[in-house]
Amino acid sequence: MIYIQIFLAFFIPGILGYGGGPASIPLVENEVVDRYGWLSVNEFSEVLALGNALPGPIATKMAGYIGFQQAGVLGAIVGVFASVAPSLILMIVLLSILMKYKESPKVQKMTNLVRPAIAVLLGIMTIGFFTTAYDGIGIWQTLIIGVLSFFLLQKWKVHPVYVISGALVYGAVFLG
C-alpha cells in the first residue's frame with residue numbers, strides 16, 4: 001500500500017504541476033505533508049532546501065529522498081519513477097503522433113527548422129564539456145579521451161554505452 005501512496009504522491013503533482021519542479025512543489029507538499037503526513041512543514045522545507053542545493057531537477061530528488069525515507073530503496077525508485085512518469089507518458093504519446101504524421105509536409109518543415117537549432121545547442125554543449133574537461137584534467141587527457149572516443153564511435157562502430165563506460169573506467173584508473 002505504501003508504494004501506491006508514494007506513486008500517487010508524486011504522480012499527481014507531476015500531472016497537475018505544469019512547468020516542472022517549481023510549479024509542482026506546493027502540490028508535492030500538499031500530498032506529503034497534509035494528505036499522508038510523512039513530513040512536517042519544517043521537515044519538508046529542509047528537504048526542499050536540500051533538493052535546491054543539489055544539481056538536477058528538484059522534484060525527482062525530493063521524490064527519491066521521501067520515497068527512500070518511507071519505504072527504502074524500492075520506495076525511492078517508485079517515487080522517482082512517479083515524478084517522471086507524466087512527462088514520459090506525454091513524450092511517448094506526442095512522439096507516436098509525430099511518427100504517425102512524419103510524412104506530412106508541415107511536420108517535415110517543422111523538423112527542418114528545428115534541426116539547426118539543435119545542432120547549435122549540441123555544439124555549445126560540446127564546447128562546454130571540452131572546456132570543463134580541459135580545466136579539470138588537462139589538454140592531453142582530454143585529447144586522448146576525445147580522439148579515442150571519436151575513432152571507437154565513427155570508425156569501429158562501437159556502441160556508445162561501451163565508449164562512455166570505457167571513458168569512465170579510464171578516468172577512474174588513470175585520473176582518480
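Quantities reported herein were computed from a predicted structural model and do not represent experimental measurements.
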Would you call [X] and [Y] a side-chain contact if the rule is heavy atoms closer than 4.5 Å?
X      : Y      : answer
Gln70  : Gln5   : no
Ile12  : Arg35  : yes
Val169 : Phe174 : no
Ile25  : Ile58  : yes
Leu153 : Pro160 : yes
Val32  : Val47  : no
Phe151 : Val158 : no
Tyr101 : Ile97  : yes

Can you list the steps and then say if Tyr36 with Leu8 is a side-chain contact (heavy atoms from CB on, under 4.5 Å)? CA-CA 11 Å; Tyr36 295 111; Leu8 292 175; 4.0 Å; yes
Candidate pair Trp38 and Phe44, rule side-chain contact (heavy atoms from CB on, under 4.5 Å), full reasoning: CA-CA 9 Å; Trp38 293 330; Phe44 184 83; over 6 Å; no
Do [X] and [Y] sit in the same hydrophobic cluster, where Ile, Leu, Val, Met, Phe, Trp and Tyr count as joined when their side-chain heavy atoms come under 4.5 Å apart?
X      : Y      : result
Val114 : Leu122 : yes
Ile92  : Phe11  : yes
Val93  : Met110 : yes
Ile137 : Val163 : no

At what distance, to the nearest 0.5 angstrom, does [atom1] of [X] lie from [atom2] of [Y]?
X      : Y      : atom1 : atom2 : result
Ile144 : Ile139 : CD1   : CD1   : 10.5 Å
Leu94  : Ser87  : CG    : OG    : 10.5 Å
Leu95  : Leu90  : CG    : CG    : 9.5 Å
Thr142 : Asp135 : OG1   : CG    : 9.0 Å
Ile6   : Ser83  : CD1   : OG    : 12.0 Å
Ser96  : Met91  : OG    : CE    : 11.5 Å

Please assess Leu88 against Phe81 for the test side-chain contact (heavy atoms from CB on, under 4.5 Å), listing each intermediate value before the final yes or no. CA-CA 9 Å; Leu88 182 66; Phe81 176 73; 4.3 Å; yes
Sidechain-backbone polar pair: Lys61 side chain, Gly56 backbone, donor-acceptor under 3.5 Å: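 Flag set: sc Lys61 to bb Gly56 pair under 3.5 Å.
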Has Asn30 got a side-chain atom pairing as donor or acceptor with Pro26's backbone, closer than 3.5 angstrom?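 Here the side-chain-to-backbone pair does not exist.
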Passes side-chain hydrogen bond (donor to acceptor under 3.5 Å, both in side chains), Gln141 versus Tyr170? Steps please. CA-CA 10 Å; Gln141 300 296 337; Tyr170 178 86; 2.4 Å; yes
Please evaluate residues Glu31 and Leu27 with respect to the criterion side-chain contact (heavy atoms from CB on, under 4.5 Å), reporting the C-alpha separation (whole Å), side-chain torsions for both, the decisive distance (0.1 Å), and the verdict. CA-CA 6 Å; Glu31 296 291 315; Leu27 300 170; 5.8 Å; no
If you draw a 6.0 Å radius around CH2 in Trp140, do more than 12 non-hydrogen atoms from other residues or ligands fall strictly inside?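 Atom CH2 in Trp140 is not crowded, with 12 or fewer foreign heavy atoms closer than 6.0 Å.
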How about Met99: does its CE atom have over 12 heavy atoms from other parts shown lying under 6.0 Å from it?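 12 or below, so no.
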